[in-house]
Amino acid sequence: MRQFRTMNAEKKHKIYKLFKMLLSFKEQIIEDFLVPSFILNEGEIVILEIPNGVEFQKISLRLIEILTEICPEIKYVEHFKENSFFNKLFPTTIRQYLKRCNENSIYKNKIYEIEWMKPQIKINSIAGSYRRLLSLYKTLTFTKNIIIDLVGVDPVGGIEIYKILKQNQKENGSTILFDSCNEFEKDCTNSIRAKY
């Protein structure tokens with residue numbers, strides 16, 4: 001600590017920049033569950049373990065609302081949905097879905113690194129893990145700070161998605177991962193558990 005006090009202003013600024021705090025969440029009760037306090041800094045992965053079941057969606061939706069209000073820099077990785085009658089007749093293809101993303105990002109065409117993935121494939125025809133991966137890549141074209149859940153993702157898909165989150169972390173990106181299991185808790189910056 002003494003070394004930090006004697007550093008010049010430029011060195012202190014570099015250290016502060018390394019640990020820029022994105023958000024500070026204060027302990028709250030949400031849908032009868034106690035969600036403990038936590039802090040998310042740039043370049044961190046925080047896992048928030050929420051019990052599986054009906055409550056998972058209620059708690060996670062409320063948390064997404066609160067966390068994106070606290071920190072507008074952080075974006076939720078939306079689940080792909082098609083609800084309109086038009087989409088039932090003409091389902092969205094991967095090419096169409098990726099038109100609405102940042103053209104200059106390295107993540108824009110990452111999905112095509114999967115050998116069989118082609119622009120003309122209809123998104124509704126691919127499995128949940130690949131849909132989630134596609135949504136993740138699209139969100140990462142806009143921001144490196146994300147909130148994501150693994151709903152609809154199989155265990156192998158979860159591991160693949162977590163590898164991408166770790167790569168994003170190396171690039172100083174930050175993640176809040178909502179999960180109902182604890183398979184990644186030893187590999188993250190901080191693991192928090194919501195309690196009934």
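Just so you know, these numbers come straight off a predicted model, no measurement behind them. Computed from heavy atoms alone, side chains included, the values below leave out hydrogens, waters and symmetry copies.
Residue-environment remark: NZ (Lys166) exceeds the threshold of 12 foreign heavy atoms within 6.0 Å. Counting heavy-atom neighbours within 6.0 Å of Tyr162 OH, excluding the residue itself, gives a total above 12.
Arg193 places a side-chain heavy atom less than 4.5 Å from the side chain of Glu185. The closest side-chain heavy-atom distance from Ile111 to Leu98 is below 4.5 Å. Ile164 places none of its side-chain heavy atoms less than 4.5 Å from the side chain of Lys110. Between Asn102 and Lys108, the closest side-chain pair of non-hydrogen atoms is not below 4.5 Å. At least one side-chain heavy atom of Leu133 sits less than 4.5 Å from a side-chain heavy atom of Ile114. Between Arg131 and Ile123, some side-chain heavy-atom pair lies under the 4.5 Å cut-off.
Side-chain polar atoms of Asp149 and Tyr76 form a donor-acceptor pair below 3.5 angstrom. Between the side chains of Ser105 and Tyr137, no donor-acceptor pair of N or O atoms lies under 3.5 Å. No hydrogens or angles considered: nothing links the side chains of Gln96 and Lys99 as a donor-acceptor pair under 3.5 Å.
Hydrophobic cluster membership differs between Ile147 and Val153, with clusters built from Ile, Leu, Val, Met, Phe, Trp and Tyr side chains linked at under 4.5 angstrom. At a threshold of 4.5 Å between side-chain heavy atoms, the hydrophobic network of Ile, Leu, Val, Met, Phe, Trp and Tyr places Val151 and Leu134 in two separate groups. A single hydrophobic cluster is seen to contain both Tyr107 and Tyr130, as judged by linkage of ILVMFWY side chains at heavy-atom distances under 4.5 Å, directly or through other members. Note on Ile148: it does not cluster hydrophobically with Leu61, by side-chain heavy-atom contacts below 4.5 Å among ILVMFWY residues. Tyr97 and Ile106 end up in the same hydrophobic cluster when Ile, Leu, Val, Met, Phe, Trp and Tyr side chains are linked at under 4.5 Å.
Minimum heavy-atom separation, Gly158 to Phe184: O-CZ, 3.6 Å. The minimum heavy-atom distance linking Glu31 with Ile59 is given by the pair CB-CG1, 4.0 Å. Residues Ile176 and Phe178 share a closest heavy-atom pair of CG2-CE2, 3.7 Å. Across all non-hydrogen atoms, the minimal contact from Val77 to Thr139 is CA-OG1, 3.7 Å. Across all their heavy atoms, Tyr112 and Met117 have their closest contact at CD2-O, 3.5 Å. Minimum heavy-atom separation, Ala194 to Pro51: O-CD, 4.0 Å.
For the atom pair CG of Asn109 and CD of Glu103, the computed distance is 8.0 Å after rounding to the nearest 0.5 Å. Distance check: Thr92 OG1 to Arg100 CZ gives 6.5 Å after rounding to the nearest 0.5 Å. How far CD of Glu55 is from OG of Ser180: 13.5 Å, rounded to the nearest 0.5 Å. Atom CD in Glu171 sits 8.5 Å away from atom CG in Leu140 (nearest 0.5 Å). The distance from atom CD1 of Ile146 to atom CD1 of Ile45, rounded to the nearest 0.5 Å, is 8.5 Å. The structure places CD1 of Ile192 at 11.5 Å from CG of Leu34, a figure rounded to the nearest 0.5 Å.
When the salt bridge (charged side-chain N to carboxylate O under 4.0 Å, His left out) test is applied to Glu27, no partner is found at least two apart in sequence or on another chain.
With Ser135 contributing its side chain and His79 its backbone, the two residues share no donor-acceptor pair below 3.5 Å. No side-chain donor-acceptor contact under 3.5 Å links Thr68 to the backbone of Lys75. Although no hydrogens or angles enter the test, the distance criterion places a donor-acceptor pair under 3.5 Å between the side chain of Lys118 and the main chain of Glu115. At least one donor-acceptor pair closer than 3.5 Å links the side chain of Asp154 to the backbone N or O of Gly157. Distance alone, capped at 3.5 Å, places no donor-acceptor pair between the Ser191 side chain and the Glu49 backbone. A donor-acceptor pair is defined here as one N or O able to donate and one able to accept, closer than 3.5 Å; such a pair exists between the side chain of Ser174 and the backbone of Gly43. When atom types are taken as modelled, the side chain of Lys144 and the backbone of Thr141 share no donor-acceptor pair closer than 3.5 angstrom. Between the side chain of Ser60 and the main chain of Gln57, a donor-acceptor pair closer than 3.5 Å is present. A donor-acceptor pair under 3.5 Å is absent between the side-chain atoms of Arg132 and the main chain of Phe80, judged by distance alone.
Of the residues Leu48, Leu23, Leu40, the one that meets the side-chain contact (heavy atoms from CB on, under 4.5 Å) test with Leu67 is Leu23. When the options Ile39, Ile70, Asn41 are evaluated for a side-chain contact (heavy atoms from CB on, under 4.5 Å) with Ser24, the one that passes is Ile39.
Salt bridge annotation for Lys122-Glu82: absent, with no cationic side-chain nitrogen under 4.0 angstrom from a carboxylate oxygen.
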*asked:* Go through it in stages, so that I can follow the logic: the residues are Leu177 and Leu150, the test is side-chain contact (heavy atoms from CB on, under 4.5 Å), and I'd like the CA-CA distance, side-chain angles, deciding distance and then a yes or no.
replied: CA-CA 8 Å; Leu177 171 62; Leu150 299 177; 3.8 Å; yes
